[in-house]
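The structure under discussion appears below in the form of structure tokens.
The figures here come from the full heavy-atom set of this structure, side chains too, leaving out hydrogens, waters and symmetry mates.
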Amino acid sequence: MNILLAVDGSDTSFYAAQALAHLPPADKLVVLHVLDVPNPAYPMLVPEVARDLYATVEREMRAEGTRVLEQAVAFLPPHTGPADKRLELGSPADVILTVADVERAHLIVLGARGLGALKELLLGSVSHRVLTHATCPVLAVRNPLRSLKRILLAVQGPDDAEPIVQFLSKHPFRNPVEVRVLTVLPFTQPVWPTAAMIPESLRKDMVARAKQFAGGVAAQLDARHYRATGDVVEGAPAPEIVRAAASHQADLIVMGSRGRKGLSRVALGSVSHAVTHHAPCSMLVVR
């Protein structure tokens, strides 16, 4: 498996480096730090002075970036595979996505939050954009991943479940994990304002079908040597996923993102974004 580890010097990026302890040794591991060098925004500066100022800032940021990469590699657990350190210039999210495509990464690993109040907001948007637009699975590490024994797998339908089952079939974790497959029926307002109008018989049928679907996904994982169970809850998707992760004491939330267009893609993106920001654990989005 080719892994791209994106680091920014924050605590969560070093947690991301340490999280590789729960993955098999990489066939190729790229450790990436992106320099987003600001251009001087002072209209009174003459071009020559502006260029000199930019060069000075870039030189200092390169030195700091090199230290970040060295520290990230030092944080890598044993047996993660040989690390290729990469320092690039550009917009962080764009560079991460481009390098992942060029290196044919099978997994992107990064911290879910950045450095300080403003940087945390900006880098949080980076992780959200990578989660939304990457063409491969993305693991966003929120806190130290000291163990990986329990996974909450949140799925809405076959389009989400199929790529996740395929990904888990490759056994991307070093040790056995227990999987709880969760489907959320959004019966409650304001997610589904017409919920009160649904006949009880139809409601029961929908719950039964959802249980059958979740159980079917669990059975597929059982056949692939996972310990998996299926479950269905009713409510707003993001809060219910976060609540289930806490009650299950999940080490990781896994969600899918595939084959969705228009409003359904926007809705799924908003759910994954909300879960990323409020979940008690790290998150893996598979597509």
*Closest non-hydrogen atom pair between Ile108 and Cys136, with its separation*: CG1-SG, 3.6 Å
*So Ile164 and Leu153, side-chain contact (heavy atoms from CB on, under 4.5 Å) or not? Walk me through it.*
CA-CA 9 Å; Ile164 294 175; Leu153 170 52; 3.4 Å; yes
*Between Glu234 and Arg203, is the closest basic N to carboxylate O distance under 4.0 Å?*
yes
_Residue Arg224 excluded, over 12 heavy atoms near CZ under 6.0 Å_ = yes
*Search all heavy atoms of Val233 against all heavy atoms of Leu182 and return the closest pair with its distance.*
CG2-CD1, 3.8 Å
*Minimum heavy-atom separation for Ala83 to Leu76, with atom names?*
CB-CD1, 4.0 Å
*CG/Leu4 to CZ/Arg104 distance, rounded to the nearest 0.5 angstrom?*
15.0 Å
*asked:* Would you say Asp36 and Ser91 are linked by a side-chain donor-acceptor pair, where the criterion is simply a distance under 3.5 Å?
replied: no
Considering only distance and modelled atom types, tabulate donor-acceptor pairs under 3.5 Å from the side chains of residues 245-256, sequence neighbours left out.
from   : atom 1 : to     : atom 2 : distance (Å)
Ser247 : OG     : Arg243 : O      : 3.3
Ser247 : OG     : Ala244 : O      : 3.0
Asp251 : OD1    : Ser147 : OG     : 3.3
Asp251 : OD2    : Lys149 : N      : 2.7
Asp251 : OD2    : Arg150 : N      : 3.0

*Residues Asp231 and Lys211 bridged, charged N to O under 4.0 Å*: no
*Separation of Leu110 CG from Thr12 OG1 (nearest 0.5 Å)*: 8.0 Å
*Return yes when atom NE2 of His171 has more than 12 non-hydrogen atoms of other residues, nucleotides or ligands closer than 6.0 Å, and no otherwise.*
yes
_Walk me through whether Arg287 and Val285 qualify under side-chain contact (heavy atoms from CB on, under 4.5 Å)._
CA-CA 7 Å; Arg287 51 180 54 77; Val285 172; 3.6 Å; yes
*Of the options Asp101, Val138, Leu32, which is the one that meets Ile96 in a side-chain contact (heavy atoms from CB on, under 4.5 Å)?*
Leu32
*Between CE of Met61 and CZ of Arg59, what distance do you get to the nearest 0.5 Å?*
13.5 Å
*asked:* Donor-acceptor check, side chain of Thr132 to backbone of His128, threshold 3.5 angstrom: yes or no?
replied: yes
_Gap separating the CG atom of Asn2 from the CG atom of Asp84, nearest 0.5 angstrom_ = 11.0 Å
*Mark yes when over 12 heavy atoms from residues, nucleotides or ligands other than Glu64 sit less than 6.0 Å from its CD; otherwise mark no.*
yes
*Determine whether Phe14 and Val130 fall in the same hydrophobic cluster, where Ile, Leu, Val, Met, Phe, Trp and Tyr are linked whenever their side-chain heavy atoms lie under 4.5 Å apart.*
no
*Ring centroid separation Phe167 to His106 under 6.0 Å*: no
_Between Arg142 and Ser282, do the side chains contain a donor N or O and an acceptor N or O under 3.5 Å apart?_
no
_For a side-chain contact (heavy atoms from CB on, under 4.5 Å) check, start with the C-alpha distance between Ile151 and Tyr226, then their side-chain angles and the critical distance, and finish with the verdict._
CA-CA 11 Å; Ile151 290 178; Tyr226 286 92; 5.8 Å; no
*Applying the 4.5 Å side-chain criterion to the ILVMFWY set and letting contacts propagate, would Leu20 and Phe75 be lumped into a single cluster?*
no
*asked:* Do Val232 and Leu185 make a side-chain contact, defined as non-hydrogen atoms from C-beta onward lying under 4.5 Å apart?
replied: yes
*Do Arg86 and Val34 come within less than 4.5 Å of each other through their side chains, counting heavy atoms only?*
no
_Tell me the closest heavy-atom pair linking Ala228 and Asp222, and the distance in Å._
N-OD1, 3.1 Å
*How long is the gap from CD on Gln212 to CG on Asp205, to the nearest 0.5 Å?*
9.5 Å
*Check Pro24 against Phe173 and note the closest heavy-atom contact, atom names and distance.*
CD-N, 4.0 Å
*If you round to the nearest 0.5 Å, how far is OG1 of Thr80 from NE2 of His22?*
13.0 Å
*Below 4.5 Å, heavy atoms only, C-beta onward: do Val286 and Asp160 meet side chain to side chain?*
no
*Taking it one step at a time, do Leu5 and Leu29 satisfy side-chain contact (heavy atoms from CB on, under 4.5 Å)?*
CA-CA 7 Å; Leu5 171 64; Leu29 172 61; 4.2 Å; yes
*Do His33 and Thr66 touch side chain to side chain, with heavy atoms closer than 4.5 Å?*
no
_Minimum heavy-atom distance Ser13-Ala6, with the two atoms named_ = CB-O, 4.3 Å
